[in-house]
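Structure record follows, encoded as structure tokens.
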There are 4 protein chains.
Amino acid sequence: MMVHFSIMPISNQSSLSGPIAKALKIIHESGLEYRLTPMGTLIKGEWNDIMKVIKKCHEAVREEHDRVMTQIKIDDSKTREYSFDDKVKAVEEKAGMTFKK
Amino acid sequence: MMVHFSIMPISNQSSLSGPIAKALKIIHESGLEYRLTPMGTLIKGEWNDIMKVIKKCHEAVREEHDRVMTQIKIDDSKTREYSFDDKVKAVEEKAGMTFKK
Amino acid sequence: MMVHFSIMPISNQSSLSGPIAKALKIIHESGLEYRLTPMGTLIKGEWNDIMKVIKKCHEAVREEHDRVMTQIKIDDSKTREYSFDDKVKAVEEKAGMTFKK
Amino acid sequence: MMVHFSIMPISNQSSLSGPIAKALKIIHESGLEYRLTPMGTLIKGEWNDIMKVIKKCHEAVREEHDRVMTQIKIDDSKTREYSFDDKVKAVEEKAGMTFKK
């Protein structure tokens, strides 16, 4: 399955890059396939592996912040096993053109 | 923590009430505090308990559908432990009026 | 169409009830059908009417905060025109039982 | 402001690349800055310009599907005007390392 997730501390830092950097290190070290995008992080893997990593990220951020909002969007397909690039390519093929990415 | 979540099978049934009914029965039987709302379900509890139930719901819906999108929004506050009603009341108190709910 | 939305200022107030109260007053005065729930607000109406109100809410909150995250989830069905209660009832009917709401 | 959005028809096609291709063409032709990612599209611009394009995408997909779910996440910062790359770089700088992207 593929997951898009984001972590947002409710805090007085209007820059969120510090807490996100902390989470990304955890994801990077997990060995799971991931991609950092401008408004969230994509992870590929099995439910338990992904959720274990997201929980670790969430707890690392919450240690330093009183309140944390974490959002997870799971796209789980029984029949297809897409890579990150496949998903984008499938759209470009249908459109018959390339898009900015 | 409080969680808002929704499960959506990609399927030819434009009515989603069947799969959602299946998920709600699982939540109801879990013993966790929950609320069914028109566009999602709220659950209160600890991370592991909530995620165990959501995984069970996701898998029950995926058994009958090739592709399932599940979305989870976690609001985790270290210092406050709100009930569902408290959250709504806090907004009404700040506003000095009552709202439709 | 039916819309679930939430507004979240990135700020040092870990209580979000103040900004949400401000937004709810705007929604209440708009005359559109709405429901305040513990993790967001539901609105029913046409695209332009709903988006006009959400923009007004977003701007009212942003006036007092440097950074604001607003999330909108639109459920738009050509063939059905559900009320808030219909959606919940449809799930209960499929399940053959009542749920907490 | 920066917006992450996704359009999902409730349909019997478990492949969503067709409807997404249609939407991406509209975004590409709008002239707004955008990025196609594996689980959504990012757009930069002003509220009215972005919402006009998203409405057009939503309506184009709904023409061919009875029911469509569109999700919009707005990140609006008064003081900073990030590019897509800036956001990712800010995280990498805080982490002192590079991530997959």
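All chains are named by letter (A, B, ...) in the order of the sequence lines, taking the proteins before the strands, and each is independently numbered beginning at 1.
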Tell me whether [X] at atom [atom1] has more than 12 heavy atoms from other residues, nucleotides or ligands lying less than 6.0 Å away.
X: C:Lys101; atom1: NZ; result: yes
X: B:Lys78; atom1: NZ; result: yes
X: C:Lys22; atom1: NZ; result: yes

Shortest non-hydrogen contact from [X] toward [Y]:
X: C:Ala21; Y: B:Lys94; value: CB-CB, 3.7 Å
X: C:Met39; Y: B:Asp75; value: CE-CB, 3.9 Å
X: B:Met2; Y: C:Pro38; value: SD-CB, 4.1 Å
X: C:Tyr34; Y: B:Lys100; value: OH-N, 2.9 Å

Where on [X] is there a heavy atom nearer than 4.5 Å to chain B: the side chain, the backbone, both, or neither?
X: C:Met97; value: side chain
X: C:Gln71; value: side chain
X: C:Leu42; value: side chain
X: C:Lys87; value: side chain

Nearest-0.5 Å distance that lies between atom CG in C:Leu36 and atom CD in B:Glu92: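 So the gap between those two atoms works out to 6.5 Å.
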To the nearest 0.5 angstrom, please state how far the OG atom of B:Ser17 sits from the CG atom of C:Asp86.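 Here the interatomic distance stands at 11.0 Å.
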If you define the side chain from C-beta out and look only at heavy atoms, does anything of B:His4 sit under 4.5 Å from C:Ser6?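 No - every pair of side-chain heavy atoms lies 4.5 Å or more apart.
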Chain B: which of C:Val3, C:Ile20, C:Leu24, C:Thr37 shares the most heavy-atom pairs with it under 4.5 Å?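 So the answer, after comparing C:Val3, C:Ile20, C:Leu24, C:Thr37, is C:Leu24.
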Report yes or no: does C:Lys25 contribute a side-chain atom to a donor-acceptor pair with the main-chain N or O of B:Ala95 at less than 3.5 Å?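 Checking the backbone N and O of B:Ala95 against the side chain of C:Lys25, a donor-acceptor pair under 3.5 Å is found.
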